[in-house]
Amino acid sequence: MTAVSDALPPVPDPALVSALAADLDAVDFRSEPLRRLWGEEADDALGRGLSEPLLRAIAGDDGPLATLGRLFVLGMPQPVGAVVGALPRLGVEGLETLGLARVDADVVSPEVLVRPQSFVDADGVGEWWIASDLDETALGSALPADHVLGVGGASRTLAELVVPMSVGRALDLGTGCGIQALLVSRHAGEVVATDVSARALAFAALNARLNGVGNITFRQGSMFEPVAGEAFDLIVSNPPFVITPRVDGVTAYEYRDGGLVGDALVEQFVRDAPAHLRPGGIAQLLGNWESRRSGGAVTAGLRRLEGWIDPALDAWVIEREELTPLEYAELWIRDGGTTPRDPAFERMLRAWLDDFGVRGVTAVGFGYVLLRRPDAGSDPMRRFERLSQPLPAPGRALRDGLAAHDVLRGGIPQTLITAPDVTEARHYMPGNDDPSVIELRQGSGFGRTVSVDPALAGFVGACDGELTVAQIAGALADLFEVPLDELWGELEPRIRDLVRDGILVAGE
């Protein structure tokens, strides 16, 4: 089946969407009931792209939940009678009118997927129904260029990264199926969701109405064009940042390819976003950046990215991984549904490697960018780092890191407390009573491990809120028999780092 741009109406019929929502609710079409229906093993296999275990688990079950699971989760045709029984309010005619399916004789063939997507935020646990295009498994072929992706790994990553805060106005740039706009809408007065794809906006509008969300408006256009002259408290974006060769025979997918050469789309975002931030406003995005060789020297991707960002802004960039050009090309060729068994694979691989070769690309980094418009006159945060360890709660860690930076503008707080998730590990050489290595380990936040010396370990151990920083430093100077100013000169910058990283927090 081939996706077409008018398969979904730009404004879904509210009565029909309400009927669909009521039918889905009546059969409890949600993640946990479906997982119980076909079992944990089959559900986990589906996450890896395997549908056969699920089909075996519900073979012979023609009940409403199993019918909708096959129709909407797997994208499989179902008998008309079974679909009518599962969707009594909407009916098969309503499915066709909404562009969600077509009816041929006695069979209903889905045109889209509709899958439940659970989430957790500061207000608790919830779930959306998210419609998107049929995936490779349902299509049985590579994805069409105008494919609208559902909730994938990148969507979930960005959702976890967004700094939890209540805002007046928010922007979801490159909304796709609308998942970020939906999540942000829970803590924003107004959300503007943009996309260059009319088809994506149609899905996003359907998903907003399907989930009863009314504070999102949708605008079509590229990058910041639809919001020219406007400013926001929060901008989130999972933009089409994938680096794709501009040659014939390499499909440019709308959901991942912004149409620019190399990493120019990420550069454009970080250069243009500040003009659309209110004071204190935050912009967050996922992106790729290239390391390039020129004249025998290599400029690292993080260094190139730093050069694009206005030095007056707060900037926190975290590189999560770095791929070679070959690894990167193979990843995204496979992502489009082309495998090494396909005749086009080698041709596409050559195109990718040639494209990287023209620019002297030696590696491609992937990570997270946070920009903030600081208060006038304050020293900006500039953090560019590589973190490969699991990040338990990155959104809260980013929020706390920004707050710590703000606290340190006034100097180290008078009283500090060791965060409750911090533990200490000491390593000893056999027969030695003095530790050779002392480490502070963070259980949440960014899960950092920091090596410290005995003086700093003693300082952190004494930060229980009872003694002031000055009292602890004075006691340590006496204990180690060193001048206080000398000890403090060594401790002060490292204490600042521990506060920035959330290992030490300001006392009351």
Contacts under 3.5 angstrom, residues 484-491 side chains, donor-acceptor by atom type, not counting sequence neighbours:
none

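Here the side chain of R320 pairs a donor or acceptor atom with the backbone of L387 at under 3.5 angstrom. Side-chain atoms of D263 come within 3.5 Å of backbone atoms of E290 as a donor-acceptor pair (strictly under, hydrogens ignored). Listed for the R115 side chain is a donor-acceptor partner under 3.5 Å among the backbone atoms of V73. Here the side chain of N207 pairs a donor or acceptor atom with the backbone of C177 at under 3.5 angstrom.
Note on R169 versus E230: salt bridge recorded, some NZ/NE/NH1/NH2 to OD/OE distance being below 4.0 Å. Between R209 and D13 there is no salt bridge, since no side-chain nitrogen of the basic residue lies less than 4.0 Å from a carboxylate oxygen of the acidic one. With respect to the salt-bridge test (charged N to carboxylate O, under 4.0 angstrom), the residues E330 and R334 qualify.
Residues meeting the ring pair (Phe, Tyr, Trp, His ring centres under 6.0 Å) test with H276, sequence neighbours left out: F224. Every residue two or more places apart in sequence or in another chain that forms a ring pair (Phe, Tyr, Trp, His ring centres under 6.0 Å) with W316 is listed here: F446.
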Exercise. Report the C-alpha separation of R494 and D453 in whole Å, then their side-chain angles, then the decisive distance to 0.1 Å, and conclude whether the salt bridge (charged side-chain N to carboxylate O under 4.0 Å, His left out) test is met.
Key: CA-CA 11 Å; R494 291 185 289 168; D453 59 21; 2.9 Å; yes
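Using bins of under 30°, 30° to 60° and over 60° for the plane-to-plane angle, the ring pair F241/F366 lands in the tilted bin.
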